[in-house]
Amino acid sequence: MIERTRIADLAALPDGPVAVAGWVETVRDQKKVQFVVLRDETGAAQLVNPATREAEDGDDDAQARLAITNEISGLAHGTFVHVRGTLKHDERVKLGGLEVKVGSLEVVSAAIPETPIADDSSLDKRLDWRFLDLRNRKQNLIFRIQTTLEHAFRTYWVERDYIEIHTPKLMASASESRAELFQLEYFETTAYLAQSPQNFKQMAQPAGFGAVFEIADAFRADPSFTSRHATEFTSVDAEISWVESHADVMAMHEELLVAGFTAVKAKYGKEIEEVFGFEFVVPTAPFPRVTLAEARKIVADSGYEVVRADGDLDPEGERRVSAWAKETHGSEFVFVTDYDASIRPYYHMRHADDPTLTNSYDLLFNGAEISTGAQREHRVDVLEAQAVEKGLDPEELGWYLDFFRYGVPPHGGFGMGLARVLMLALHEPSIREVTYLFRGPTRLTP
């Protein structure tokens with residue numbers, strides 16, 4: 001590895017020789033002194049070089065200093081350099097209270113001087129040049145937060161003896177419905193990209209795995225151009241055996257989020273406040289719970305009418321229920337439960353005393369839905385009847401229904417969009433900002 005100290009680690013070092021490397025963020029080329037802000041993946045530091053503007057022939061040291069001065073004068077934004085110099089702690093330096101006096105500077109990779117994007121460039125333009133857009137501190141922090149959040153989720157599950165599974169994304173038939181499916185040629189037949197790991201994580205239940213989880217890609221052929229939709233996204237999924245109802249899934253779900261947010265707060269709470277301008281809040285469990293019928297009333301009492309024939313909430317309805325949860329419970333999260341069977345998949349278990357309702361929920365966070373969860377129907381005869389009720393042919397569901405013909409415990413689980421959680425947690429305006437490389441109806445590059 002090339003010798004260097006990460007910029008974030010400079011503060012712990014004593015004054016003295018040091019090597020750093022990164023890309024040039026800014027250059028202040030003054031007559032007597034030059035300042036360079038150098039950034040790497042961990043932060044930014046100030047480099048300082050006493051400028052040498054002329055040197056006599058034969059004065060090798062002055063010639064070397066002149067060469068460094070000229071090199072710095074010609075540095076373009078984004079140029080990658082390797083620098084050796086002397087670290088000095090100085091509380092007067094606003095950037096980290098330290099600076100590095102340049103001893104030698106090597107241009108590793110020069111950048112074109114004219115940068116194609118600026119701070120005020122449109123989001124689409126920035127996405128065209130995503131590798132440059134990602135260089136800024138805010139974007140770097142987003143993906144460090146994502147890493148910590150995912151690691152905390154995995155840690156929560158692994159410590160409770162869940163099994164991590166990796167389900168296929170190529171399928172012979174629809175995973176949930178025939179809507180919003182990407183279809184592709186597959187040798188002599190047709191394949192579909194998985195909308196979710198639903199069927200496969202349920203397969204783990206009769207297999208005797210008990211509790212399973214997966215964090216992986218999912219695909220939806222959804223033509224929406226909203227701020228919260230994508231055609232390819234990271235889905236966070238879990239499925240557990242021996243549930244009494246969807247309440248058991250909800251309890252696990254909120255514990256998972258508390259664990260994830262706690263880890264993010266501990267590691268990046270101060271930096272989030274500095275970069276994003278708000279205090280990152282760890283939720284308190286249990287989250288408030290309202291039935292869909294109660295949610296409809298909350299929305300109606302707020303003076304808004306949901307104009308949907310199916311009785312589900314629309315985005316404005318979700319925002320109003322979330323506002324109610326924040327005002328009455330001080331919570332950014334709220335579970336909406338007991339959805340009508342008419343707007344839920346056939347595999348959701350119905351209420352024992354009211355078959356028009358399901359043992360299911362949506363989880364709302366800061367005004368938007370981030371997850372759907374439910375207890376699954378595990379009785380094969382009931383599953384078949386509910387499939388027929390939904391207009392599905394049990395013959396086409398044969399391989400899935402086989403899971404339930406050889407014994408399966410009561411089970412349930414959820415699927416949650418990772419990018420949507422990040423977007424709402426960081427109060428970002430679009431899912432595009434928190435997706436490494438976004439995919440939508442009109443974007444397949446870079």
Side-chain angles (χ1 to χ4, degrees), residues 1-53 64-65 68-109 111 115 118-119 132-148 262-281 426-427:
M1 298 291 288
I2 292 175
E3 179 190 353
R4 68 169 182 136
T5 298
R6 299 190 317 162
I7 288 173
D9 299 329
L10 290 175
L13 297 181
D15 290 357
V18 70
V20 292
W23 65 91
V24 174
E25 191 163 87
T26 59
V27 176
R28 290 177 18 235
D29 193 3
Q30 301 174 1
K31 183 177 181 180
K32 294 185 177 181
V33 66
Q34 297 170 308
F35 297 98
V36 178
V37 174
L38 184 73
R39 184 171 290 278
D40 70 7
E41 68 273 23
T42 68
Q46 177 173 284
L47 310 181
V48 60
N49 181 58
T52 298
R53 299 299 177 180
R65 299 306 307 174
I68 291 174
T69 299
N70 291 338
E71 191 81 80
I72 291 174
S73 295
L75 289 175
H77 172 83
T79 293
F80 279 77
V81 298
H82 183 265
V83 176
R84 293 185 183 276
T86 304
L87 173 66
K88 179 177 176 56
H89 292 266
D90 187 341
E91 61 183 19
R92 295 172 299 177
V93 179
K94 294 181 180 179
L95 188 58
L98 54 82
E99 65 182 11
V100 176
K101 183 180 178 181
V102 177
S104 66
L105 183 146
E106 176 192 359
V107 173
V108 177
S109 179
T115 304
D119 291 341
L132 294 177
D133 184 47
L134 290 171
R135 283 184 181 176
N136 74 64
R137 181 185 180 190
K138 181 179 178 182
Q139 290 293 339
N140 187 288
L141 179 57
I142 286 172
F143 293 98
R144 290 186 179 279
I145 292 167
Q146 175 183 283
T147 300
T148 298
T262 298
V264 170
K265 174 81 170 182
K267 191 165 187 178
Y268 294 114
K270 291 182 179 179
E271 194 171 356
I272 290 171
E273 190 165 358
E274 181 182 347
V275 174
F276 288 90
F278 70 91
E279 181 183 358
F280 189 81
V281 177
L426 298 175
H427 304 289

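One-based numbering along the sequence shown.
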Item to complete: Could you tell me which non-hydrogen atom of A45 sits nearest to which non-hydrogen atom of L10, and how far apart they are?
Response: CB-CD1, 4.1 Å
Worksheet item: Given side chains that start at C-beta, do those of E25 and R137 come closer than 4.5 Å, heavy atoms only?
Response: no
Fill in: Any side-chain heavy-atom pair of I272 and V264 under 4.5 Å
yes
Worksheet item: Is there a donor-acceptor contact under 3.5 Å from the side chain of D15 to the main chain of H89?
Response: yes
Discussion item. Taking the side chain as everything from C-beta on, heavy atoms only, tell me whether V24 gets closer than 4.5 Å to V81.
Written reply: yes
Discussion item. Treating N140 as the side-chain partner and F143 as the backbone partner, does any N or O pair qualify as donor plus acceptor under 3.5 Å?
Written reply: no
Practice prompt. Would you check if the side chain of D40 reaches a backbone N or O of I7 as a donor-acceptor pair within less than 3.5 Å?
Written response: yes
Practice prompt. Please examine the side chains of T42 and D9, heavy atoms only from C-beta on, and report whether any two atoms are closer than 4.5 Å.
Written response: no
Worksheet item: Taking atom CD of Q30 as the centre, does the number of heavy atoms from other residues, nucleotides or ligands within less than 6.0 Å exceed 12?
Response: yes
Worksheet item: Could you state the interatomic distance from NZ (K88) to OG1 (T86), rounded to the nearest 0.5 Å?
Response: 10.5 Å
Worksheet entry | Parallel, tilted or perpendicular, as decided by the 30° and 60° cut-offs, for the rings of W23 and F80 | tilted
Practice prompt. Would you give the length of the straight line joining atom CD of Q34 to atom OG1 of T69, rounded to the nearest 0.5 angstrom?
Written response: 4.5 Å
Worksheet item: How far does CD1 of I68 sit from CD of E106, to the nearest 0.5 angstrom?
Response: 12.0 Å
Discussion item. If you apply the rule side chain to side chain contact (heavy atoms under 4.5 Å, CB included), what do you find for V102 with V36, and how did you get there?
Written reply: CA-CA 10 Å; V102 177; V36 178; over 6 Å; no
Discussion item. With rounding to the nearest 0.5 angstrom, report the CZ to NE2 distance, R4 to H82.
Written reply: 8.5 Å
Practice prompt. Taking the side chain as every heavy atom from C-beta outward, state whether I145 and F280 have any pair of such atoms under 4.5 Å apart.
Written response: no
Discussion item. Is there a side chain to side chain contact (heavy atoms under 4.5 Å, CB included) between R92 and E99? Walk through the geometry before answering.
Written reply: CA-CA 10 Å; R92 295 172 299 177; E99 65 182 11; over 6 Å; no
Practice prompt. Answer with yes or no whether the side chains of R65 and N49 bring together a donor and an acceptor at under 3.5 Å.
Written response: yes
Worksheet entry | Spatial distance of atom CD1 (I142) from atom NZ (K138) [nearest 0.5 Å] | 6.0 Å
Item to complete: Decide if atom NZ of K267 counts as having more than 12 heavy atoms of other residues, nucleotides or ligands within a radius under 6.0 Å.
Response: no
Discussion item. Using every non-hydrogen atom in the two residues, find where A111 and A76 come nearest and quote the distance to one decimal.
Written reply: O-CB, 3.6 Å
Worksheet item: Backbone N or O of K31 within a donor-acceptor pair of the R53 side chain at under 3.5 Å?
Response: yes
Item to complete: Measure the OG1-CD1 distance between T79 and I72 for me, rounded to the nearest 0.5 Å.
Response: 12.0 Å
Worksheet item: Are side-chain heavy atoms of L38 and V100 found at a separation under 4.5 Å?
Response: no
Fill in: Where R39 and R135 come nearest, the two heavy atoms and their spacing
CD-O, 3.9 Å
